[in-house]
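Keep in mind the model is a prediction, meaning the values are calculated, not measured. Computed over heavy atoms, backbone and side chain alike; hydrogens, waters and symmetry mates excluded. Within every chain, numbering begins at 1; the chains are lettered A, B, ... in the order of the sequence lines, protein sequences first and strands thereafter.
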2 protein chains.
Amino acid sequence: MATNAQDAIVLLGDSITQDGWSPNGFAQRLANAYVRKLDVINRGMSGYNTDWIIPVFEQCFAKQHEQQHLPKVRLLTIWLGANDAALPPSGQHVPLARYGTNLAKLVHLVASPDSPYYAPHTRLLLLTPPPINTHQWRVTIREDDPTRELDRKFEVTAQYAEHVRAVGREVGVPVVDVWTRIWDAAGHVEEQLSEYSYDGLHLNDRGYALVYEEIIKAVSENYPELHYEKLQPVFKLWDHINPQNPGPDLQKRSIFPA
Amino acid sequence: MATNAQDAIVLLGDSITQDGWSPNGFAQRLANAYVRKLDVINRGMSGYNTDWIIPVFEQCFAKQHEQQHLPKVRLLTIWLGANDAALPPSGQHVPLARYGTNLAKLVHLVASPDSPYYAPHTRLLLLTPPPINTHQWRVTIREDDPTRELDRKFEVTAQYAEHVRAVGREVGVPVVDVWTRIWDAAGHVEEQLSEYSYDGLHLNDRGYALVYEEIIKAVSENYPELHYEKLQPVFKLWDHINPQNPGPDLQKRSIFPA
C-alpha cells in the first residue's frame, strides 16, 4: 500500500531545510499552502554538504524507467552551502570551486536529457545560504566547549552565496537569494541578523517567513503555473459534491485546471 | 523523477486532518518528529464524510501489484466523524450505523488479505472526532448568516465518538480517543472546550498538542517499533560520516535498527 495521488515539492538541503518542519518553518508553510495539491517531501540532512548530498540525491530520486510508477516532483529546491562554507580542517568543508561544480551537477542530474534522473516536468530553484552571524554563532558553539575555534566566517559564507548566483546564471536556474533578503532585512549589520536566527547559523520563524516569501515570489515569476493559487485540489471541495450522486464528483483530477 | 527513499505516515480524514499542517498542528508535529525517518502525507479533505472518503482512499492507495514500486505506508490514521455527525438535512450527514460500516470497511480495505489494497505492513489507528462546543460553533456559523440553524449537536457527535470505540474493538484496531482526552481536559464543561478549539468544531494549537500526545502514546503502546525514537534516520547523521571515505556511510538504510 502506498500513496500516489498527489505530485510533490521536494526540499533538498542541509539542517536549514531539515528544520523547515518546525512550526512556521518553510516546509510547514509550503505544506499548508499546497495541501490537497502537492505533497511536501523534506530531504534536508543536517550537517551535509554538496559532496554528500549527491549520493543522497541518487538514492532518493527515481530513474527515468521508474518514474512512471511514482509521484512526479513538480518543484525541487536545492539549498546547500552553510556547511560547504565551514572552514578547513572541518570535514564538512567543500572548496568553493567544487561547491559550484556540485551544484551544477545536481541541476544536470535533473535537467539533462542524458541523465538517468532526467525529469522534464521538474522545476528547479537554487537557494543561497543565509548570512552567518559570527558573534551569535561563537556563543552557540562555545556553550559546550569554551575553547572551540570559530568554524565559519561571514565573508566566506558570503562568497558561497555569490557562487550560487553565478551557478544559477550559468545553468539557467532561478536563484532564491536568501542571503541578500536576510542581509537587507538586517540593515547590513551582522549583529542584527539575530532577528532572523536563533543561533547565528539556523533560521527562526522570522527568517523562514522571508525564505517562504522569496520562494513563492520566485515561483510566481518563473513557474507561475505552480503557484498554489493557480492549482486546484486533486479532490473537489466538499460543497461541490452532489450528495445525491457523489461518485462523479469524487474522481481524482489534475491539479492544473483545464 | 520522484521520491522513494522514505516510507510514510498517512493521515486520512476531514478538515481537522487537513488543518494538521497549520503551525503546531498534528501533521506538522509528526513531520518534525519523524524527519529523515518517515514522510508525513496529509490526505485530509475538509468537509468530507466516510461515504466520500472511501472512493478517495481507493484512488490514493496502491493496489497490491503496484505496491512494490511505491513507499510503504507504515502508519495510517483514520479520523472522520465530525461531518458524518452533521444533522440532516445536511448533505454531509451519514447515519450512525453506516458511519460504523464505513469505518470498518476502510480498515478492511487495508487489513484484509482479500482486499486489493491489502498491506500487511500498515499499522492502523482510528481516532474519535473531537467534542463539539455548540455555543462557540453557533457564533461561528452565524457570522455569515445570523438565521442559520445549528447543524451539529454535542450529544450526536458524542455518539459518533462512542461508535468509533465500538468499531475499534470489533475490528481490533487501537482507538486514539481524542473526544475523551479533550472532554476531560475541558473538565466536562462544554463552554470550556473553547480552550482547545478556535471555532467550536476545529482544533487550535492546544487541541492538536493533545491529539499528538495521544497518537504518540498509542504508537508506544501498540506499535512501539514505530516510535520515532526507535527508528534511525535513512541517511546517517553527519558526524558519523568519514570525510576521508564518505561513500560507505552515505548508503540508504532501513529505519529499523538491526
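- Contact tally against chain A (heavy-atom pairs below 4.5 Å) for B:P246, B:S22, B:S15: the top residue is B:S22.
- Heavy-atom distances place the side chain of A:Q92, and not its backbone, under 4.5 Å from chain B.
- Note that the CE atom of A:M45 and the CG atom of A:L12 stand 7.5 Å from one another [nearest 0.5 Å].
- Annotation: maximal heavy-atom pairing with chain B below 4.5 Å, among A:G47, A:P243, A:A27, A:P23, occurs at A:P23.
- With hydrogens and angles ignored, the 3.5 Å screen pairs a side-chain donor or acceptor of A:Y223 with a backbone N or O of A:L124.
- Under the 4.0 Å criterion applied to side-chain N and carboxylate O atoms, B:D51 and B:K105 are not assigned as salt-bridge partners.
- With chain B as partner, the option from A:S90, A:G91, A:G247 having the largest number of non-hydrogen pairs under 4.5 angstrom is A:G91.
- The aromatic ring centroids of A:F235 and B:Y48 lie 6.0 Å or more from each other.
- Between B:H202 and B:W137, the ring planes are perpendicular. Angles over 60° get that label, and only those under 30° would be called parallel.
- Annotation: maximal heavy-atom pairing with chain A below 4.5 Å, among B:R29, B:H93, B:K236, B:E66, occurs at B:K236.
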